[in-house]
Each structure stands twice: as structure tokens, then as C-alpha cells.
Amino acid sequence: MSERVLDLDPVGAGDTEILEVSMGPHHPSTHGVFRMDVRLEGEKVVRLKPVFGYLHRNHEKIAEHGAYLAAIPYTDRLDYLCSMTNNWGYCLAVEKLAGISVPERAEYIRVIVSELTRFQNHAGLIGFLLQDMGASGTPLMYAFREREKILDLFESLSGARMMCNYMRFGGVRVDCTPAWLDEVRSMLAGLPKFVDEFEALLRGNEILMARTQGVGVLPRELAINAGITGPMLRASGVNYDIRKVDHYGIYDRFEFRVPLGDHGDVYDRYMMRVLEMRESIKILEQALRDIPAGPIMDPKVRLRGLRPKAGEAYGRIESPKGELGFFLISDGSTIPYRYRVRPPSMINLTILEDMCLGQNVADVVITLGSVDIVLGEVDR
Amino acid sequence: MTALPTPEDIKAQIEASVPGAVVTVIPNSSPSAQRSLLLDHEHARDAALFLRDHPVLRLDFCSLTTGVDWLDTETSEKVKLKQLVDGVEKEVEETRKTKIPGYLEAVYHLFSMEKKHGPVILRLRTANRTDQTHVPSFTPVWRSAEFQEREAFDLYGIIFDGHPDLRRILMWESFVDYPMRKDYVPPADDPLAEVPA
């Protein structure tokens, strides 16, 4: 447990007054409607309390009123940049609950769309992070140029660019054509060059180094205890990637490395994303090489009116933001008795105060930017 | 990945190391076969510390924390009784109802980042759904429970004793009810409830 700064005397020991600032909810750096109650002594942060819930629509209650199938389009709207991985997390939980198997081709398609999702999420995050640092527009547009290509692919596969609603328990909704796979291959051929260019643009940048190195440090022990997951955890040097730990889907068939940081600062978190983009390209190349022909749905699965036996299951995946889990309790009817999302974005905010204490207020913005939150998932 | 002991083994280990602890294994008939351990309130914190610091188990990562609402249930049983009806002894069927009080449940999914195994699922139950909705907080053991216990308090009304900052998290401060409960009815003055169909 870390030390927390509690209520301080309104007038500090020095000659500065404590200033209370409410950052947000409408602030461009909060990436949505998110507020931080910050207390400042001069420019130093002495207290920071995240306040959220502005986008709360009780996603879990909605899902507990509909059939198992009906929740899939709603999961798109959790982390609305990564609808494909959200679909997968939920479908995996239902598959565990009802004992459903997935055909091989569908597993490959799932890996392909999920790694494309991871790539565009990380590229977008770096763009936004640099925007927060003052590199207005240019890096973000570089990232969005590549993201557009990926969203075009999603659109031609699923019919939607962001709200894909693509996966089903027992497989995926529609098959991909050989032409689509060729499009992915040709797009993929350009990605390593983009990552090189993107990295070169930034890695040699002195201002970036000064702004990010040693800022917002998250120690390893605290990261584990606070349940931080995803690139943020690995930036603090903990080797924990659910693709490697659980081998869900077919991730044991691919060769890829798990990048690790050793300082746990904003720079490491930024570098994690760059390195993970490179690993995603590797996985994509292998998946596109090996994808077999075959069915894309388990024909025995009743999509409508699925009635799992009474019991419960927890399924989790490595989403671009961290561990995305779904906890389901069935009472034997067609409607889940309990539906719970483990939102990585929200849990990764637990230690925002710890990372920001003693820092300048300007660094709060980039520390928050390096957490990678999407309010659709934080508030649900 | 090291093999995780069965729930029965973990139960035996907790009961051996934490004197007085009462652990019950909750079955799960779904294909996932993820069974859980129900802990008693008094020894829950010690049991949690034991699971976290045990050299083999090392459950250092509390992934998911949530609440579940179980309503009062009634079981009815048909009993055959002999009764005198109009001076003649007849067999009459009578239904007897037994009321099982509902409770709120806090569920914790534990994993180990060091040993890369899991999940071990812990459950805590409140005495009822109305006035005794306390359970001990696990936030002092696993910081990751902080926001999720606040959420279970906010949406289910489970009060976590020992939580450092138990406030509403998603709903606003002046909100009174617990919207995730199964018998929740939105208030009449809810602006959303008045939208014409």
C-alpha cells in the first residue's frame, strides 16, 4: 500500500496556498467526460481524486434484461475503439459457461481482427498522447491515416467501421473472402514502415524525452497489488500477458514476444505500445499464412434462445487496454442472471493519484494520457 | 504455469492456517467448473492475506470484484395430512411454504501474476438484503478492489467494512437506491421514465 496524502491544512507550511482545480469533465485532455479533483500547492499536485460516471448507462443491467445474444452489440460500445476485442471477451465467457467450441477458421479470423484492433488502438493512443504533449495534430494524423485503412477493412468485413458486432459465441458472424485476406496482406506490408517512421519521428525528439522520462512512475509492486493490467503493467516490468498465460483461442500457435519496460514511467508506457504494434504485425503475418478453410460457426450452437445450464463462468482476454473479463451467472434461463464486465480502463485508474502526487500539474495530463482510458468502458 | 490446488485443498489449507476459519466450497455445475470458496466474515481478511502471501499460491492479483443480488426465495412443499372433514377422516393436501431469506454476495476472482495460475474465487455473503449488508473489505489486501468495491456499494448497497474511501462512484452523491438490485424500481420522478412511448 502506498502512502496517501489526506486532508491538508488549507494553508500549507510554506507561503503558498492550496488551490483546488477541477480538471474536466469537459477538457480536451480527459479523452471524454472525466473529471479530476486536483489540489495544488504551487504547481505540485498534493491530492487527486478521479470522478467519473457521467457516461454511466448501467450496461450490466441492460444485459441482464436480454438474451445472451442481445448483449453482443452492447459490448461494442464499452471501449468503442476496440469493438472486436470486446466481442471476443464476451463470447469467450459465454463459450466457457455453455461449453461451446469454436471452429479453427473462426479462431484465426478472431486473431486477425483482434490484432488489427490492437494495432489501431496503440497507434491512436500514441497520437493522442503526443497531442496532449503539445504536438498538435501531426502525429495523430499519422496514426489516423493507418487507422482508416484498418477501419476500411472492418467495414468491408462486418459492415461497420467501429460498432462491428462481429463475433458470436461459437464463431464469427460472416466469413471473410480471399480478396479480403489479400487486402489485409497488402495493408500489412506497409505497416512496418509506418511504425519505423512513427518511431523515428518521436524517439529522437528531445522534448518528448524530457516530458516523459521519469514522469508518472508506477512501481512494480504497486502495479501488481492494484490490479493494473495490459501495456501499463508490462511497462512496470511485470511479465503478464493473458495471450501467453491463458493461451485463449489459438494464441499458443504464434511466436511473439512480450515487451517489458523497466522504469514504469510515461516513456516506458509509450514504448510498450510501439513494441506491441511490432509484435501484432508478427502475429498477423503468421495468422494470415496459416489460416485454414472450413466452417466459421459451430452448427450446434443455438444463437437465439441459448439456455446454458445453471452455473457461472469468468472469461478474460488481453484487450489492448488490459485484462477485459466477463463474469456470467446463469440460472438456467435464456437471460443471464448476472452479467459483469471487468473494465481494464477503470481499474487502471485506481493508481492515478499515486502516479501524480508531487508532480507538476502539466504532467497529470500526460500521465492520464499514458493510462489509455475510454470512458465508454470506465462508466459503462 | 504451476498447477493450482483444488478448492478442497485450498479450503483445508486456509482452515489449517487461520484458526477458526469456516470455508465452504460452492459447487458450479456449468462446463467452466469454476468452483468458489465461501468465507466467514470474521476470518475473511486473514484468509485473504494467507492466500496472497502463501509461497505456493501467491494470489497477488485480485482481478474482478463484484456484487450479486440473490432475492428471497420460497420453496413450497406439499404435505399430506389427515383431517376430520364432516366427521369423516380424509386425506387433505396442504402446501407449506418455507421462506429462504435473500442475501447480497461479494465475489472476488484471484489470480497469481507470479505463478501465472488462477482463478481462485472467493465469496462473502451478507446476512440479509436490508439492514445487515456488511462484509469485510479486501481493499487493504488488494488495492485493485478499491474502485470495484465502491461500485458494488454504489449499485448493490453492500457495505465494505474497512474500505478507506467508500463513496458512490458511478451514480451521483444524492442518489438513494441501489439500481443493480433485482427488485429495483426506478423512481416515478425519473425523467427517463416519463418519456412517452
Side-chain angles (χ1 to χ4, degrees), chain A residues 1-2 4 49-56 58 60-61 64 93 95-100 221-229 233 238-240 244-247 308-316 323 325-330 337-338 340-343 346-347 349-351 354 378-380, chain B residues 1 26-36 52 58 60-70 105 107 109-119 121 139-148 150-152 154-155 164-165 167-173 175 179-182 184 192:
Chain A
M1 293 291 297
S2 70
R4 302 255 215 120
K49 293 287 173 204
V51 181
F52 45 86
Y54 297 97
L55 218 58
H56 179 56
N58 220 338
E60 293 173 7
K61 189 90 176 175
E64 286 174 18
E95 281 153 13
K96 282 194 175 187
L97 183 70
I100 298 170
E221 284 68 34
L222 180 63
I224 296 174
N225 192 260
I228 308 306
T229 44
L233 173 77
V238 184
N239 187 352
Y240 196 76
K244 289 276 189 193
V245 174
D246 281 8
H247 296 305
K309 264 201 282 178
E312 63 177 52
Y314 179 59
R316 56 178 197 159
E323 175 184 332
F326 287 82
F327 175 55
L328 298 168
I329 299 181
S330 164
Y337 184 80
R338 178 75 179 107
R340 161 78 179 162
V341 189
R342 184 211 189 263
M346 183 183 98
I347 295 159
L349 280 176
T350 315
I351 39 66
D354 303 72
V378 174
D379 293 345
R380 281 159 291 128
Chain B
M1 198 192 274
I26 308 289
N28 179 0
S29 54
S30 99
S32 75
Q34 292 169 344
R35 288 177 295 162
S36 45
R52 188 190 70 180
R58 279 297 284 146
D60 49 10
F61 169 40
C62 175
S63 169
L64 176 108
T65 301
T66 190
V68 186
D69 182 15
W70 299 98
E105 195 172 51
V107 186
H109 281 68
L110 311 178
F111 291 86
S112 173
M113 284 196 185
E114 191 185 306
K115 305 281 182 191
K116 306 212 183 333
H117 58 211
I121 306 162
T139 305
V141 184
W142 293 285
R143 183 73 192 282
S144 51
E146 183 179 340
F147 280 9
Q148 299 189 78
R150 270 179 72 185
E151 195 184 325
D154 188 1
L155 303 181
D165 184 23
R167 290 179 289 132
R168 285 195 179 270
I169 191 167
L170 293 172
M171 306 303 283
W172 54 101
E173 286 291 319
F175 191 80
M180 276 303 283
R181 289 207 183 176
K182 290 283 174 188
Y184 172 74
L192 291 175

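Below, read A as the first sequence line, B as the second, and so on, with proteins coming before strands; counting in each chain starts at 1. No experiment lies behind these values; they were computed from the predicted model shown.
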Heavy-atom pairs under 4.5 Å with chain A, option from B/Pro31, B/Gly67, B/Pro119 with the top count: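 Option with the greatest count: B/Pro31.
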Contacting moiety of [X], where chain B heavy atoms sit under 4.5 Å:
{"X": "A/Glu60", "value": "both"}
{"X": "A/Thr229", "value": "side chain"}
{"X": "A/Ile228", "value": "backbone"}

Side-chain donor-acceptor pair present, A/Arg316, B/Ser63, cut-off under 3.5 Å: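 No, no side-chain donor-acceptor pair sits under 3.5 Å.
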Could you look at [X] and say if it's the side chain, the backbone, both or neither that has a heavy atom under 4.5 Å from chain A?
{"X": "B/Arg35", "result": "neither"}
{"X": "B/Asn28", "result": "side chain"}
{"X": "B/Asp154", "result": "neither"}
{"X": "B/Arg52", "result": "side chain"}
{"X": "B/Pro179", "result": "both"}
{"X": "B/Arg181", "result": "backbone"}
{"X": "B/Glu151", "result": "side chain"}

Sub-6.0 Å ring centroid separation between B/Trp70 and A/Tyr337: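 Yes, the ring centres sit under 6.0 Å apart.
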Side-chain donor or acceptor of B/Arg143 paired with backbone N/O of A/Gly227 under 3.5 Å: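 Side chain of B/Arg143 to backbone of A/Gly227: no pair is present.
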Under 3.5 Å: donor-acceptor pair, side chain of A/Arg380, backbone of A/Asn58: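 Judged by distance alone, no pair lies under 3.5 Å.
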Nearest heavy atoms of A/Val378 and A/Phe52, plus distance in Å: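 For A/Val378 versus A/Phe52, the nearest heavy atoms are CG1-CD1, 3.5 Å.
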Geometric cation-pi criterion A/Arg340 and A/Tyr314, 6.0 Å radius, 45° cone: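 No; the conditions do not both hold, so A/Arg340 does not lie above the ring face of A/Tyr314.
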Worked verdict on B/Gln148 versus B/Thr66 for side chain to side chain contact (heavy atoms under 4.5 Å, CB included): CA-CA 6 Å; B/Gln148 299 189 78; B/Thr66 190; 5.9 Å; no
